[in-house]
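Below, all heavy atoms of this structure are taken into account, side chains as well, without hydrogens, waters or symmetry copies. A quick note: this is a predicted structure, and the numbers were derived from the prediction, not measured. Protein chains get the first letters and strands the later ones, always in sequence-line order, with residue 1 at the start of each.
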Amino acid sequence: MVGKTESQNGAVKATAAPAMNLESDLFSNFSFKSFKLKTKQQELLLRVSILGLVYILAFITRLFSVLRYESMIHEFDPYFNYRTTLFLTEKGFYEFWNWFDSESWYPLGRIIGGTLYPGLMVTAAFIYWTLRFLRFAVHIREVCVLTAPFFASNTTVVAYFFGKEIWDSGAGLVAAAFIAICPGYISRSVAGSYDNEGVAIFALLLTFYLFVKAVNTGSLAWALASAFGYFYMVSAWGGYVFIINLIPLYVLVLLITGRYSMRLYVAYNCMYVLGMLLAMQIRFVGFQHVQSGEHMAAMGVFFLMQVFYFLDWVKYMLSDTKLFQAFLRITVTSAIAVGALALGVGTASGYISPWTGRFYSLLDPTYAKDNIPIIASVSEHQPTAWSSFMFDFHILLFLFPAGLYFCFKKLSDATIFIVMYGLTSMYFAGVMVRLILVATPAVCLISAIAVSATIKNLTSLLRTKSKTAVAGSSKGTGGSKASSKASFDQSQPFQKNGAIALLLGAFYLLSKYATHCTWVTSEAYSSPSIVLAARGAHGNRVIFDDYREAYFWLRQNTPPDAKVMSWWDYGYQITAMGNRTVIVDNNTWNNTHIATVGRAMSSYEDEAYEIMRSLDVDYVLVVFGGVTGYSSDDINKFLWMVRIGGGVFPVIKEPDYLVNGDYRVDKGAAPKMLNCL
Amino acid sequence: MAPKAEAAQTLASQSDASQSSIDPLFHILKIFPYSIIRPPRLRLKLPSFTLPSPMTVFALVLLTYFMVVSGFVYDVIVEPPGIGSTQDPATGSVRPVVFLPGRVNGQYIIEGLSSGFMFVLGGMGFVLLDLALDKNRAKSVKVSYASAGISSIVIAYIMSMLFIRIKIPGYLR
């Protein structure tokens, strides 16, 4: 570095000589002073500019659908979030928190204030009020559409700091770049996808970063900050159960490998106690942290930490090691016995509720297939095939085991955490496609470690060879030094060329990754499911907006108190855009109600009429895709209506609708199929 | 005579241990069954538990990674066939189909396993490359590690690209 600036100054001085003296002095002084930054400042400038570019890149790459179609909300769930955010900005927080909605789940209604995760809506409303305060006249819909890309950019910054904490700043920069364009994350945080996960992944990574920082430094401030990060995560997404189980598991692993320390004690205790108290502020979560089986692991590890602290203190007080060994055995046995007894009493008496079906099916994947058809029917809940992994991760799949190797080589508290996060999240990603999203930050971080370590090895290969050449020539030559210098000379150009070739290869791989990610984002993950595109007869692109036209028709041509019956997929969209009452919607909290609708859809018309009269239904909405070849319409979903209806009302039997075990919808279909609603 | 003396000796050593132990359960057991029943003399040792080395754990982790990434859970739940088959319309013969066509999230068992193997091979290539740049080895070993590593990475990448191109016909177009 020093040699370079000197040669630069030499060149400047040489070119400035022919010019006039005064101007040449000025010119050379100007370039001399402004370009001669110290190495540390150059490095800082480089880091900040890279982070800035990555921030902008993460935002821009998610804007494909806004540029192609228009700024609108995608999919089904985001419409509910949009409707509640609209309500929040119009009526204020107290009305929102105590809202009882009689427009969905017709005869029952829904306590919205108590059955949602408010983090996303409050965040969007907060951004909206800030922008309004600064006199930017934005519409709430624009804020909602662009919330997810904004938080994706913030996630890259957090990933940088996390990478710096685990390994070094080079790994942090690579991790930020990986996360910015990784398709696994983009799929749920594209502009318009106004869903909980967009904000939740930011909160997840922030909580983990703050906790690892707290464990590394042992400071109370960082532990409390991680508790507040956990509170944000609990308010944003139901996947907070992952955090409250991963962190105790991590603490347990540290205890088993003998890494108990005061820092760990401070970090975990503060985070658990304050995090638990804060989490109880969300009505939807309520007292689950002390009552639900899924949260018991955290409590068990909490008490185990107290036992460890107590034993440490007793060891410090006692000087007799044999006595202490006996005391240790007694205490550990009795602690485990008391803990098991308490858990048994709690579970048997029903105070501690067992694991809910959603989370139990993650541990035992065959459970949902046999017992809960609603969970099994969602396409996002299917297990993952290799091609989904390849599609969403590309070369990160190669770099992940390499990164694990580097982490195992240099074990520390922080690398143990990232290894555990990576392994558990990859297992869950294998069980359910939707959870590839949770695995993405871990995979990006570990791959970044691999890239950073490999490139550091290669560049040190380049630099040591040139350094020893300089050192060898400047120092005196002894006999052994001459021979070693000769052997170095022989291998030098070969190794240097090899290193340069490998660096070019690494650059090629990374550029292929960027190409792949951009292609996937553009083709696969940027379609708003509510506006569909297809190829016409002559190959031209036909865009049809049938969904929105239908909802708008409902809004304009039906009386305001009309009730609409449809399959639960469309419920949120009908209430948000059509502004009419629906019978069932995507919240799927009442299986019997959905089964009633399923029964109505699959019974003969006279029976269905009775059911619909009892529910006060005025209109029925059915989606049919036969004209355009749209494949996810209600006819394709019909068997699920039969299964779910049959799950509660045994009158509906699936074999009635099949012909020899085959599902047919043409003239040769089963008679019950032809005559049902 | 000799067994009686030994029994007396062991009894004496046992009483010494019992007086120094603070374990309440031990004292209860000493009174209740074992003042009547004579415990047998056994030579048992409790198994000691040592933590495995990091590289052992890494090998196990790699195996689990291979299983997850090959779509093992998908295979267990959906139970696809090992390899698919299609009937040639002209000749009527049955030909095997290795890659499940039509969707991104579906596979046959063999295609999953071979892709998973490619991913692990690529990962091992990077590991070999790092081992090759370690200073404390003989030069020939370093060169062979480096060439094995580089060839693993290149083969794994090319094969994975080939697989995904076969699976998704419109890839990168």
Side-chain angles (χ1 to χ4, degrees), chain A residues 256-258 322-323 326-327 329-330 333 365-366 368-369 379 382-391 394-395 397-409 411 419 423 426-427 429-433 450-451 453-454 457-458 460-461 491 498 501-502 505 509 512 515-516 519 523-524, chain B residues 20-25 51 54-55 57-58 61-62 64-78 99-100 103-107 111-113 115-116 118-127 129-130 133 139 146 150 153-154 156-157 160-161 163-164 167-168 170-173:
Chain A
I256 291 179
T257 55
K322 275 195 76 168
L323 205 57
F327 180 69
R329 263 176 301 152
I330 298 169
T333 322
T366 57
K369 186 169 79 150
S379 70
Q382 304 307 313
T384 324
W386 75 271
S387 41
S388 292
F389 277 123
M390 184 72 185
F391 212 58
H394 201 243
I395 40 168
L397 284 177
F398 300 132
L399 297 170
F400 185 70
L404 284 179
Y405 163 76
F406 283 111
C407 284
F408 273 102
K409 221 167 84 154
L411 276 182
V419 164
L423 291 176
M426 274 302 267
Y427 166 67
V431 173
M432 203 184 264
V433 180
V451 169
T454 308
N457 279 344
L458 291 175
S460 69
L461 204 61
S491 54
L502 285 181
L509 271 184
K512 293 301 275 183
T515 315
H516 166 92
W519 181 84
E523 293 301 314
Chain B
S20 61
S21 168
I22 58 172
D23 191 350
L25 212 55
L51 290 175
M55 285 306 146
V57 179
F58 174 65
V61 159
L62 206 60
T64 332
Y65 175 72
F66 169 68
M67 284 180 27
V68 167
V69 141
S70 317
F72 183 70
V73 183
Y74 181 92
D75 294 339
V76 166
I77 294 190
V78 178
F99 290 94
L100 179 70
R103 352 178 257 181
V104 174
N105 195 33
Q107 65 174 38
E111 75 172 278
L113 288 173
S115 314
M118 283 304 149
F119 299 146
V120 171
L121 189 67
M124 282 300 101
F126 279 101
V127 172
L129 208 55
D130 175 68
L133 295 172
K139 194 158 172 329
I150 297 172
I153 297 175
V154 167
Y157 178 70
S160 302
M161 283 295 114
F163 286 168
I164 196 93
K167 176 105 179 167
I168 303 176
Y171 183 64
L172 276 185
R173 218 162 293 140

* Please work out whether the ring planes of A:H516 and B:Y171 are parallel, tilted or perpendicular, with thresholds of 30° and 60°. => tilted

* Evaluate the side-chain contact (heavy atoms from CB on, under 4.5 Å) criterion for residues B:S160 and A:M390: first the C-alpha distance (whole Å), next the side-chain angles of each, then the deciding distance (0.1 Å), finally the verdict. => CA-CA 8 Å; B:S160 302; A:M390 184 72 185; 3.8 Å; yes

* To do: Could you tell me which of B:V127, B:L113, B:L129 has the largest number of non-hydrogen atom pairs under 4.5 Å with chain A?
  => B:V127

* Under 4.5 Å, counting heavy-atom pairs only, tell me which of A:F391, A:Y427, A:F389, A:F327 racks up the most with chain B. => A:F389

* Which pair of non-hydrogen atoms, one from A:W386 and one from B:V69, has the smallest distance, and what is that distance? -> CB-O, 3.6 Å

* To do: Output all residues satisfying side chain to side chain donor-acceptor pair (under 3.5 Å) with B:Y74, sequence neighbours left out; order by chain, then residue number.
  => B:R103

* To do: Could you look at B:L133 and say if it's the side chain, the backbone, both or neither that has a heavy atom under 4.5 Å from chain A?
  => side chain

* For A:L404, is it the side chain, the backbone, both or neither that has a heavy atom under 4.5 Å from a heavy atom of chain B? -> both

* **Heavy-atom pair with the smallest gap, counting every atom of B:P54 and A:L411** => CG-CD1, 3.9 Å

* **Which portion of A:T257 sits near chain B, non-hydrogen atoms under 4.5 angstrom** => both

* Asked: Looking at B:D130, B:L100, B:L62, B:V76, which makes the most heavy-atom pairs under 4.5 Å with chain A?
  -> B:D130

* **Whether B:N105 side chain and A:P383 backbone form a donor-acceptor pair below 3.5 Å** => yes

* Asked: chain B heavy atoms under 4.5 Å from A:L502: which part of the residue, side chain, backbone, both or neither?
  -> side chain

* **Heavy-atom contact with chain A under 4.5 Å, split by part of B:M67** => neither

* To do: Verify side-chain contact (heavy atoms from CB on, under 4.5 Å) between B:I153 and A:F398, making sure each step is shown before the conclusion.
  => CA-CA 8 Å; B:I153 297 175; A:F398 300 132; over 6 Å; no

* Select, from B:G125, B:G106, B:G71, the one with the greatest count of heavy-atom pairs under 4.5 Å involving chain A. => B:G106

* To do: Give the member of A:L397, A:L399, A:L509 that has the highest number of heavy-atom pairs under 4.5 Å with chain B.
  => A:L397

* To do: Just give me the residue among B:V61, B:V120, B:V154 that pairs up with chain A most often, heavy atom to heavy atom, under 4.5 Å.
  => B:V61

* Please flag which part of B:Y65 lies under 4.5 Å from any non-hydrogen atom of chain A: side chain, backbone, both or neither. => side chain

* **Structural part of B:F163 lying under 4.5 Å from a heavy atom of chain A** => both

* Please look at B:I150 and chain A and tell me whether the side chain, the backbone, both or neither of the residue comes under 4.5 angstrom of a heavy atom of that chain. => side chain

* Asked: A:I256 and B:L51: side-chain contact (heavy atoms from CB on, under 4.5 Å), yes or no, with the steps?
  -> CA-CA 9 Å; A:I256 291 179; B:L51 290 175; 4.0 Å; yes

* Structure fact -> Applying a strict 4.5 Å limit to non-hydrogen atoms, the region of B:I168 in contact with chain A is side chain

* To do: Classify the angle between the aromatic ring planes of A:F408 and B:F58 as parallel (below 30°), tilted (30 to 60°) or perpendicular (above 60°).
  => tilted

* State, to 0.1 Å, how close A:A402 and B:G123 come at their nearest heavy-atom pair, and which atoms those are. => CB-O, 4.0 Å

* Is atom CZ of A:F406 surrounded by more than 12 heavy atoms (other residues, nucleotides or ligands) closer than 6.0 Å? -> yes

* Structural part of A:I330 lying under 4.5 Å from a heavy atom of chain B -> side chain

* Structure fact -> Under 4.5 Å to a heavy atom of chain A? For B:I77 that would be both

* Structure fact -> So, the part of A:V431 with a heavy atom under 4.5 Å from chain B: the answer is both

* Asked: What's the spacing between A:I395 CD1 and B:Y157 OH if we round to 0.5 Å?
  -> 7.5 Å

* Asked: Could you walk me through whether A:H394 and B:I164 pass the side-chain contact (heavy atoms from CB on, under 4.5 Å) check?
  -> CA-CA 10 Å; A:H394 201 243; B:I164 196 93; over 6 Å; no

